[in-house]
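To start, the structure under review is shown below, and the notes come after it.
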Amino acid sequence: MPSDTYMNSALPYPIRLIMTSYRFASPRHFITVSLLLVLLLSGCKNHSEKAKTPSVEADETVTSQAAHEQPLAKQQAAPANHLFVQTDAQWEALRQRIQTEPYKTEIENLRRSLESRLAYYDWEQDTEPRPGNLMSDIRPAGDMIAALAFLYKLEDKPEDYDQLLHMIDYALGLPAWGVHKTGGADSDLAGGHMMFGLSLAYDWCGDDLPANLKQEIGDDLLSRASNMEAFVTSRGFSGYQNNHNPVRLLGLFAVGIALREDYPEVAPILEGAMAMAKPTFEALAQTDGFIAAEGTPYWQYGLSALVPIAVIAKENLGIDWFTGNRGLEQVPLIQAYFMLPPESRRFETNSSGLRFSQLDVLNFGDGPSKSWHNYTKYMTYLAREYRSGLAQWLSDENRADVSAHNPLTRFLGIIWYDPSVKPVSPSTLPTSHFFEEQGLYLWHSAWSGQATVIGIKSTPPGGHYTTEAYDLNSGSSHSQPDAGTFLVFANDQWLIAPPGYTINRQTAYANTLLIGGKGQIGSGDKWMHTKRYAEEQRYPSILSVDKVDDMVRIVCDLTPAYDEPDLIACTRTFYLIDAQSWLVVDEVTLSEPASAEAIFHGGGVFESTGVNSARMPLDSGLLQASMLTGTGTQATLLSVQHQVDTKHEGRIARDILTVQAKPSTKMQWATLFQITPSSGATSWQLKRAQTEKSILLQRGDEATEIRWQQD
């Protein structure tokens, strides 16, 4: 924001508007304008003073301790005409709530986060559309407007009012709230954030704004939302939405509710948004937990919009997308199983004293292994809606963090909090869970301490239901072609690591197989799409999860993920032996000879230690790997260098471990990984069993036979 916008914060909005936009051509012009300003000052009411005296009916004022301890839903009058907070009584209950912990600290963190954004945000870089900056990322500006609207309505501070006017004035003067490469101005993420923030300002603070400014906001929202709605509905991206479209739709829902009394012509915008959102929630109801294929940070971002959309639909439109929706109800379960052990999570504190996640979750798909988006706000609503103690625990646990994306709207968690739901720790859950529809298996050796966490994925991008039900899953762009991939976190570090933030989709970036030197369907594309999977009904999957000799066995069918006409079968079977040891058995059958390769990305550097053995130094001890081939298979375990195109670091070289099998029509090999304290210590050894159809897993006098799956 230009610095001169801050110079006149004590002046009313009309005066500041003239002062910040007029260019004086001569001293005479300055004198003339000064006289006009004196006249305006004598005739204008001070809007900050107006803001200090909001109209509150006596019978709506609630000041008792009991009132602010109640969930706001129980105080809600129907029909709901406002966004999230309906009455002055509810606002007063919130004012009482923020006098207690943890909400007093929550408001303090909100203010610190807001001040940090105002101090460090590069207004010129991020708000002016120009070549090379099409997205024009002004998402934080929309978030700041939302936060200021909440703080002013809650605490009635003149400085919040003045800053809110500054922000609104600047936002309305921008020629575009982001420019999408095909949708044009105002049609993408930045537009969604701006529409949400300005809708809250219009709805919550509109009566305290200058009449001409309120109308300007309404006119601008109507115009820009019309363009966005036309773009979103014309694309026809229905189905299991994530990331961009939910953010767009939240902006449209907010505009529709905020303007519908003053602007009847907003009705088609709201109807279009409802039509686009409905299939998303219908699809969610068929899943076993919302976890978009794009990766953990992306599905957290998507949920930050999807939950408020469903709240608006329920409170303002009488549409219940929560009841019976298994995908939403099991969001806390998904989050719990994807979390790293508490002792292993890493954070940083910025110069403002705000804490950010650096490493806290497993992540399949694109992006880093950290929570981009604070999940406190939507967990509080899911806790209230589903009486979920786990969601309440997650909300409380995450409250200390202010994540990089959109922390300024976490105040919704204050509005939605229901203290009658008591938190329940994930430690009460089983240590493993199979999300069958999503094709995901998560295993924890324990819920705390130096625990091992293993995640296994074998699914069409986006899950089975969406592939079956929709021609295209528009929420899969950042996913990878990675059926059969897995991740291992132990000893406070990655042992088998995720791909990170890449600029294209590559099977070789994941921990799975190449056949004939080629990756799975979609490999090599800039964005992952699901059309082939849907049209040809291709379903890579986890076939079974069971117990064998005290080991957990997970059998995966990768065959449908490959566009290889000679491929007959490709299976990968995991044996989770214990917290320090696991076995990966790969089997490929073709009608014509071809090569095959298994890729393992380590968190460190693998180094060869002999024929078909390697090790990776850990902070304490070693990760040792050994490989055994089946009869007739010629393969070698090698440490090689691999190129990865990352989003932020450019092309980088990584040392990876590979099993390289020579061309054949049938290939079988097993790769054993185990954590040991030193190079001389090994627990398990791989040997050929007397029968060719089995592998012998041996430790001292203890031995277990493991059959090849395809024999």
Side-chain angles (χ1 to χ4, degrees), residues 337-338 340-341 344 362 364 430-434 440-446 450-458 482-498 510-513 542-556 558 571-587 598-604 606 612-616 618 621-628 637 656-659 668-677 681-687 694-699 702-709:
Y337 279 104
F338 267 72
L340 299 178
S344 299
L362 291 178
F364 295 108
T431 52
S432 65
H433 192 89
F434 178 25
L440 293 164
Y441 179 77
L442 282 301
W443 183 87
H444 293 241
S445 64
Q450 297 292 316
T452 298
V453 184
I454 297 178
I456 296 168
K457 174 186 176 187
S458 188
D482 60 358
T485 193
F486 72 112
L487 304 171
V488 181
F489 186 92
N491 285 30
D492 286 337
Q493 62 191 107
W494 288 114
L495 304 187
I496 304 297
N511 302 298
T512 188
L513 283 77
I542 296 178
L543 296 176
S544 63
V545 176
D546 58 9
K547 277 264 190 122
V548 177
D549 295 328
D550 294 326
M551 297 181 292
V552 180
R553 179 175 63 183
I554 304 98
V555 182
C556 303
L558 283 55
T571 62
R572 167 167 274 191
T573 306
F574 297 88
Y575 292 87
L576 308 185
I577 303 167
D578 52 39
Q580 287 76 41
S581 311
W582 62 97
L583 179 69
V584 184
V585 179
D586 293 316
E587 302 177 73
I599 295 176
F600 306 103
H601 294 263
F606 279 107
N612 292 337
S613 65
R615 68 183 182 185
M616 183 177 73
L618 306 178
L622 297 167
L623 174 63
Q624 300 204 66
S626 57
M627 189 268 291
L628 176 74
L637 184 68
I656 63 171
L657 188 66
T658 70
V659 174
Q668 297 174 317
W669 66 86
T671 312
L672 174 65
F673 296 90
Q674 50 191 323
I675 304 168
T676 64
T682 57
S683 290
W684 296 95
Q685 293 184 350
L686 284 177
K687 296 182 178 181
S694 297
I695 305 162
L696 186 65
L697 184 63
Q698 187 168 13
R699 180 174 60 180
E702 183 181 359
T704 300
E705 276 199 24
I706 296 173
R707 289 181 62 86
W708 299 102
Q709 290 291 322

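Since this is a predicted model, take the numbers as computed values, not measurements. Starting from 1, each residue takes its place in the sequence as its number.
- No side-chain heavy atom of Trp708 sits less than 4.5 Å from a side-chain heavy atom of Thr573.
- Applying the side chain to side chain donor-acceptor pair (under 3.5 Å) criterion to Thr704, with sequence neighbours excluded, gives no partner residue.
- The environment of Asp546 atom CG is dense: over 12 non-hydrogen atoms of other residues, nucleotides or ligands sit within 6.0 angstrom.
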Report task. For the pair Phe600 and Phe606, evaluate ring-ring contact (aromatic ring centres under 6.0 Å, His included) and give the outcome as yes or no after the intermediate values. Result -> CA-CA 10 Å; Phe600 306 103; Phe606 279 107; 7.8 Å; no
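- With hydrogens and angles left out, the side-chain atoms of Asn491 and Gln450 include no donor and acceptor closer than 3.5 Å.
- Here the side chains of Tyr441 and Leu576 are in contact, with some heavy-atom distance below 4.5 Å.
- Using a 4.5 Å cut-off on side-chain heavy atoms (C-beta onward), Val453 and Pro341 make contact.
- Inter-residue side-chain proximity for Val584 and Phe486 is flagged as met; some heavy-atom pair is nearer than 4.5 Å.
- At least one side-chain heavy atom of Leu618 sits under 4.5 Å from a side-chain heavy atom of Leu495.
- Between Ser458 and Leu558 the shortest side-chain heavy-atom distance falls below 4.5 Å.
- There is no side-chain donor-acceptor pair under 3.5 Å between Gln709 and Thr571.
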Requested in this report: Before giving the answer on side-chain contact (heavy atoms from CB on, under 4.5 Å), spell out for Trp684 and Asp578 the whole-Å C-alpha distance, their side-chain angles and the decisive distance to 0.1 Å.
Outcome: CA-CA 11 Å; Trp684 296 95; Asp578 52 39; 3.9 Å; yes
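- For the pair Gln668 and Asp586, the minimum side-chain heavy-atom distance is 4.5 Å or more.
- Using a 4.5 Å heavy-atom cutoff, the side chains of Met551 and Ile706 are in contact.
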